**Q** 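Below you'll find the structure I mean.
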Amino acid sequence: MSKTPISTTLLRPAFFDRPADIVARDLLGRTLMRRLDGNRMGLTVTETEAYLGPHDLASHSAHGRTARTEVMYGPAGSFYVYLVYGLHWMLNIVTGPIGYPAAVLIRSAGELEGPGKLGRALAIDESMNGRPALPQSGLWFEEGKRAGSVIATPRIGVDYAGPRWSARKLRFVLRA
DNA sequence: GCAGTGATCATA
DNA sequence: ATGATCACTGCC
């Protein structure tokens with residue numbers, strides 16, 4: 001116990017440099033780590049949604065590059081955080097190459113079911129927007145994958161995207 | 001079923 | 001400057 005392991009279980013930026021649906025699925029069962037007030041907690045990711053890119057009419061990036069969506073055009077592995085309904089901070093992780101605006105919404109982890117509850121419990125706010133998912137940010141992912149079956153369903157709350165895109169099964173849930 | 005809440009974006 | 005919208009939650 002006297003030595004610190006050299007290898008880390010950190011999920012590196014390359015993990016996120018893939019299509020959003022692949023990343024969304026692969027994140028299930030991984031551990032979302034949060035450092036708060038000097039304490040560290042880890043939560044198993046249990047629900048995600050993929051926002052594929054500018055052609056995906058449910059994605060914020062479907063209407064072009066704006067101040068809000070700017071970080072989606074940045075490097076994979078950066079957090080994209082925004083406020084919805086004036087109350088709830090949504091936590092997303094940017095995926096794919098620089099210049100290509102796609103992301104994965106973290107909807108549930110551990111006992112925290114629902115993206116608004118997750119954001120509140122983890123004290124997510126605009127200060128996390130654009131930060132890399134690394135320990136130095138106080139919020140990151142680790143590898144160890146917990147087993148379970150994966151269910152794919154349509155995404156929640158995206159009816160505005162029209163039937164074609166709202167019906168796509170881009171929400172992924174881990175069932176024990 | 002629907003109120004709360006405020007940033008964001010299009011319109012002007 | 002104004003108004004519609006919103007990747008939600010909790011209480012009626």
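All values derive from a computational prediction rather than experimental measurement. Throughout, a chain's letter reflects where its sequence line sits, starting with A, and its residues are numbered from 1.
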**Q** Any salt bridge linking A/R30 with A/E143? Criterion: basic side-chain nitrogen under 4.0 Å from a carboxylate oxygen.
**A**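 A/E143 and A/R30: not salt-bridged.
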**Q** Would you kindly check whether a donor in the side chain of A/H88 faces an acceptor in the base of C/dA7, or vice versa, at under 3.5 angstrom?
**A**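 Between C/dA7 and A/H88, which were checked side chain against base, a qualifying N/O pair under 3.5 Å is absent.
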**Q** Within 45° of the six-membered ring axis of A/Y82 and under 6.0 Å from that ring's centre, is NZ or CZ of A/R68 located there?
**A**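 Yes - A/R68 lies over the ring of A/Y82, closer than 6.0 Å to its centre and within 45° of its axis.
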**Q** For C/dA7, does the base pair up with any side-chain atom of A/Y82 as donor and acceptor (N or O, under 3.5 Å, distance only)?
**A**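 Answer is yes: a donor-acceptor pair is held.
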**Q** Over all heavy atoms of both residues, which pair between A/A103 and A/A20 is shortest? Give the atoms and the distance, please.
**A**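 Nearest heavy atoms, A/A103 then A/A20: O-CB, 3.7 Å.
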**Q** Using atom CD of A/E70 as one end and atom C1' of B/dC9 as the other, report the distance to the nearest whole Å.
**A**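 To the nearest whole Å, that distance equals 15 Å.
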**Q** A/N92 has an atom CG; how far is it from atom P of C/dC8, in whole Å?
**A**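 Going from A/N92 (CG) to C/dC8 (P), I get 11 Å.
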**Q** Within the structure shown, what part of the strands sits under 4.0 Å from A/R120 by heavy-atom distance: base, sugar-phosphate, or nothing?
**A**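 Counting heavy atoms under 4.0 Å across all strands, the contact made by A/R120 is with sugar-phosphate only.
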**Q** Nearest whole Å is fine: how far is C/dT5 P from A/L57 CG?
**A**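 Rounding to the nearest Å, CG of A/L57 and P of C/dT5 are 17 Å apart.
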**Q** Is there a Watson-Crick or G-U wobble partner for C/dC11 with both distances under 3.5 Å, and if so, which one is it?
**A**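 By the stated definition (distances under 3.5 Å), B/dG1 pairs with C/dC11.
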**Q** Under 4.0 Å, counting only non-hydrogen atoms across every strand here, what does A/G116 touch: a base, just sugar-phosphate, or nothing?
**A**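 Sugar-phosphate contact only.
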**Q** From the set B/dC9, B/dT5, C/dA7, return the single nucleotide nearest to any side-chain atom of A/R68.
**A**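 Among the listed nucleotides, the one closest to the side chain of A/R68 is B/dC9.
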**Q** Nearest to the A/A67 side chain among C/dG10, B/dC9, C/dA7, which nucleotide is it?
**A**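 So the side chain of A/A67 is nearest to B/dC9.
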**Q** Could you state the atom-to-atom distance from CZ of A/R155 to P of C/dC8 in whole Å?
**A**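 Computing the A/R155:CZ to C/dC8:P distance gives 12 Å.
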**Q** Could you check which of B/dA7, B/dG4, C/dG10 has an atom nearest any side-chain atom of A/L83?
**A**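 Looking only at heavy atoms from C-beta outward on A/L83, the closest nucleotide is B/dA7.
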**Q** Send over the distance from A/M90 CE to B/dG6 P, rounded to a whole Å.
**A**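 Distance, rounded to whole Å: 15 Å.
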**Q** B/dG6, OP1 or OP2 - any side-chain N/O from A/Y85 closer than 4.0 Å?
**A**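 Negative; the distance criterion is not met.
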**Q** Picking from B/dC9, C/dT9, C/dA7, which would you name as closest to the side chain of A/K117?
**A**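 Nearest to the side-chain atoms of A/K117, counting from C-beta on, is C/dT9.
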**Q** Taking the six-membered ring for Trp and the single ring otherwise, decide whether the centroids of A/F141 and A/F16 are under 6.0 Å apart.
**A**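 Yes - the distance between ring centres of A/F141 and A/F16 falls below the 6.0 Å cut-off.
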**Q** To the nearest Å, how far apart are A/H63 NE2 and B/dT8 P?
**A**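 That distance rounds to 16 Å.
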**Q** Cationic tip of A/R155 within the cone over A/Y51's six-membered ring, i.e. under 6.0 Å and within 45° of the normal?
**A**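 So A/R155 does make the cation-pi contact.
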**Q** Whole-Å distance between C/dA7 P and A/N129 CG?
**A**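 Between P of C/dA7 and CG of A/N129: 15 Å.
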**Q** Can you tell me how far P of B/dG4 sits from CH2 of A/W89, to the nearest Å?
**A**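 To the nearest whole Å, that distance equals 21 Å.
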**Q** Decide, applying a 5.5 Å centre-distance limit and a 30° plane-angle limit (both strict), whether A/Y51 stacks on C/dA7.
**A**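 Yes, A/Y51 stacks on the base of C/dA7, since the ring centres sit under 5.5 Å apart and the planes are within 30°.
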